[in-house]
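Okay, so here's the structure we're looking at.
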Amino acid sequence: MSSTDAASLVDLVDQDPFDYYVGLREQGDVVWDPGMKAWVGTTYAACREMFRYDQVTLVRADTLVGGQGYEQLHGKRHITLLQGPVHRRFHRWWVGAMSPKVSEKWRVDVVRPIIQRYIAGVRANSESELMEDFARKVTIRVIAAVMGLPWEDDSWIQNCRQHMDGISDYINAAYFAEDDKTFQAARAAHEGLNDMLMPFINARRDGVGDDLIATLWRDGPGIFDDWSAEDMSSTIRTMFFAGTDTTSDALSHAFFLLLSTDGLMEKLVEGGEPAVWRFAEEALRLFGAVQFRIRVATEDFEVMGTKIKKGQFVVPLNASANRDSSIFDDPDEVRLDRPNPRDHYAFNIGARLCAGAALARVEIQEGVLAVLGELPNLRTDSTKEAVGYLGFNLRTHEPIHVRHDGCPV
Amino acid sequence: MEAPHVDEPVANTDSPRASFGGRLEVAIDVDMCMGSQNCVMEANSIFELDDRGVSRVKRDVDANDLAILQRVVELCPSAALSIKAGFHGGTEQTATE
């Protein structure tokens with residue numbers, strides 16, 4: 001099915017969705033999606049209005065979409081399950097722990113060394129698949145490193161990777177049908193990941209150290225009076241998971257754009273870091289990593305003239321808003337001269353802003369710099385499988401088969 | 001690494017406006033601001049995003065704005081905002097840390 005034949009977001013799995021989003025915006029700011037059984041905010045203005053209602057009128061609907069399994073898997077204090085002042089308090093901890101200031105320190109101490117390690121491996125071979133050979137190796141290790149986990153232990157990392165794949169499968173499947181087999185596999189994956197993390201979590205109970213696990217042990221009792229090991233486990237699992245695939249997916253979009261946009265690599269080399277910073281925002285705006293996150297209305301309310309009833313699902317479609325032509329000139333193009341390059345919804349805005357946005361930005365910027373700097377004459381390897389834009393609400397560009405001239409003779 | 005602020009008190013509302021001449025200033029910690037745009041959404045006559053994606057104040061504020069400013073301070077996900085009272089000849093911070 002092509003996206004022009006789609007009748008719902010649910011028809012767009014592994015399809016390029018953007019022509020469909022154009023059609024949605026032409027229908028209106030807020031459109032009913034029969035397959036999602038949800039009101040979809042299609043435009044920048046509609047999504048903005050919906051984000052304003054976050055935390056009170058609109059709350060995350062993950063438990064309703066994922067069934068009872070969601071809370072069982074993630075724990076009752078999962079950040080997505082919290083609302084109001086409690087959410088605000090915990091979210092502030094997350095944002096502070098991963099602030100722009102902290103992330104700039106991590107750029108030097110963590111991100112660059114890890115990226116240099118793995119770009120060297122890519123450079124040593126004239127052919128590469130940038131997701132498996134680079135992006136996925138980097139992002140899981142960066143988040144592991146900032147949490148004080150053994151990021152250099154390849155076997156340990158690979159085992160974590162397998163557990164996270166099981167969790168991802170459940171998240172993507174949850175929108176379609178409650179599937180006990182997938183839930184049980186996700187449950188096993190959660191338990192497996194937990195078993196791998198707990199020795200490190202327990203080892204830092206004294207809260208000594210500047211990694212995120214130690215910091216959370218110190219600060220947790222100030223967030224919730226009855227802070228427990230279970231809360232630690234749930235939060236650290238979430239942080240580990242949230243900081244892995246979404247960031248490698250965002251890198252995939254940047255690499256796809258580098259390879260498919262004429263003259264872009266030359267412009268970025270000439271423009272240096274300021275140009276790469278702007279490009280990173282364009283990659284986020286154009287493709288993001290998360291297309292949307294579903295909410296549910298806790299009361300009747302109205303968005304841009306559309307009446308929404310209590311209990312109905314609401315979907316601010318971030319990826320559609322980010323290409324709204326009423327806001328963005330040349331919305332489908334990479335433009336390095338936009339006046340407000342960070343004015344997009346790739347990380348949400350408002351109360352549910354992605355707490356890891358600053359670190360994700362650092363990883364995207366440094367990943368692009370490394371590819372530009374270490375892989376001269378980078379080009380698509382057209383003899384291998386072509387790239388696709390795959391997924392549903394979490395999307396990636398892959399495989400990204402490339403050749404380059406950086407391999408020493 | 002410093003522990004992030006977990007509970008950020010709002011500005012003291014008991015100070016009589018007359019003591020401070022009604023003038024206020026908003027301080028934005030640009031190292032903490034994540035560009036959540038909560039302040040812009042709540043008070044777009046006062047706040048806007050600059051080209052770095054960081055919040056900035058776009059007009060003078062005074063005691064008439066105190067209620068909305070207290071709200072945006074409370075709602076800021078990054079605890080990046082604070083309110084200072086200005087009086088003739090200088091400024092004095094009213095928000096407790």
Considering only heavy atoms, give the residues of residues 50-59 of chain B separated from chain A by less than 4.5 Å, sorted numerically, with 'none' for an empty result.
B:D50, B:D51, B:R52, B:G53

For A:M98, does its backbone N or O pair with a side-chain atom of A:S103 as donor and acceptor, under 3.5 Å?
yes

Go through A:C354, A:A357, A:P100 and name the one with the most non-hydrogen pairs under 4.5 angstrom from chain B.
A:P100

The side chain to side chain contact (heavy atoms under 4.5 Å, CB included) partner of B:V72 among B:I46, B:D65, B:L81 is B:L81

In terms of ring plane angle, is the pair A:Y345 and A:F51 parallel, tilted or perpendicular, where the classes change at 30° and 60°?
perpendicular

Check the orientation of A:F347 and A:H344. Use parallel for under 30°, tilted for 30 to 60°, and perpendicular for over 60°.
tilted

Proximal component of A:A355, with respect to chain B [non-hydrogen, under 4.5 Å]
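The answer is the backbone of A:A355.
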
Under 4.5 Å from any heavy atom of chain B, what part of A:L353 do you find: side chain, backbone, both or neither?
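For A:L353, the side chain is the part near chain B, not the backbone.
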
Can you tell which part of B:C76 gets under 4.5 Å to a heavy atom of chain A, answering side chain, backbone, both or neither?
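Both backbone and side chain of B:C76 come within 4.5 Å of chain A.
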
Under the rule for side chain to side chain donor-acceptor pair (under 3.5 Å), what residues qualify as partners of A:D337, not counting sequence neighbours?
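Partners of A:D337 by the side chain to side chain donor-acceptor pair (under 3.5 Å) criterion, ordered by chain and then number, come out as A:R335.
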
Does A:A145 have any side-chain contact (heavy atoms from CB on, under 4.5 Å) partners at least two apart in sequence or in another chain, and if so, which?
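For A:A145 the side-chain contact (heavy atoms from CB on, under 4.5 Å) partners, ignoring immediate neighbours, are A:V110, A:I114, A:W151.
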
Do we get A:R285 above A:F328's six-membered ring, with its NZ or CZ under 6.0 Å from the centre and within 45° of the axis?
yes

Pairs satisfying salt bridge (Lys or Arg N to Asp or Glu O under 4.0 Å), at least one member in residues 47-56 of chain A, at least two apart:
A:D54-A:R295

